Amino acid sequence: MYVKLEFVTGDIDMQAVVNSANAQLRIGGGVAGAIHRAAGPELRPLAPISPGEAVITGGHQLPNEYVIHCLGPVYGRDKPEDKLLAACCKKPLN
């Protein structure tokens, strides 16, 4: 199966933003923390999730309609790393 992707540069005012999440989907630092703060207190992702999983929430106060929260594998701990990373990337596209 092939999926056609389109990459656009510029403003991120698009339908969805993808967040590299932690298992408990807690507010963290960096990009994940910025997304949570910008979306507002209504952003309550479904947790916990396992490596390779993704959940979708509304964007709330973000200009995006959705936030996709993905948990990639920790290399050396979560096996098989390649399949879990691939699942994390594919699930939001289904």
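Model, not experiment: these values are computed from the prediction.
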Student: Testing the basics here: between Leu25 and Asn22, what is the closest heavy-atom pair and its distance to 0.1 Å?
Tutor: N-OD1, 2.7 Å
Student: How long is the span from the OG1 atom in Thr57 to the CG atom in Asn19, to the nearest 0.5 Å?
Tutor: 8.5 Å
Student: Write down the atom of Val18, the atom of Cys70, and the distance for their closest heavy-atom approach.
Tutor: CG1-SG, 3.9 Å
Student: Does Val55 form a side-chain contact (heavy atoms from CB on, under 4.5 Å) with His69? I'd like the steps, not just the answer.
Tutor: CA-CA 5 Å; Val55 295; His69 309 266; 3.9 Å; yes
Student: Between Ala47 and Gln24, what is the shortest heavy-atom contact and its length?
Tutor: CB-O, 3.3 Å
Student: Rounded at 0.5 Å granularity, tell me how far CG in Leu71 sits from SG in Cys88.
Tutor: 6.5 Å
Student: I need the minimum non-hydrogen distance between Gly72 and Pro51, along with the two atoms involved.
Tutor: O-CB, 4.2 Å
Student: Against Glu81, only a single residue in Arg77, Lys83, Lys79 fulfils side chain to side chain contact (heavy atoms under 4.5 Å, CB included); can you say which?
Tutor: Lys79
Student: How long is the gap from CZ on Arg37 to CD1 on Ile27, to the nearest 0.5 Å?
Tutor: 7.5 Å
Student: In the structure I gave you, are the side-chain heavy atoms of Ile35 and Val17 within less than 4.5 Å of one another anywhere?
Tutor: yes
Student: Supply the atom-to-atom distance Asp78 CG to Leu85 CG, rounded to the nearest 0.5 angstrom.
Tutor: 11.0 Å
Student: Give me the atom names and distance for the closest heavy-atom approach of Gln61 to Pro41.
Tutor: NE2-CD, 4.1 Å
Student: I need the Leu84 CG to Ser50 OG distance, nearest 0.5 Å.
Tutor: 9.5 Å
Student: How far apart are the closest heavy atoms of Ala38 and Leu62, and which atoms are they?
Tutor: CB-CD2, 3.5 Å
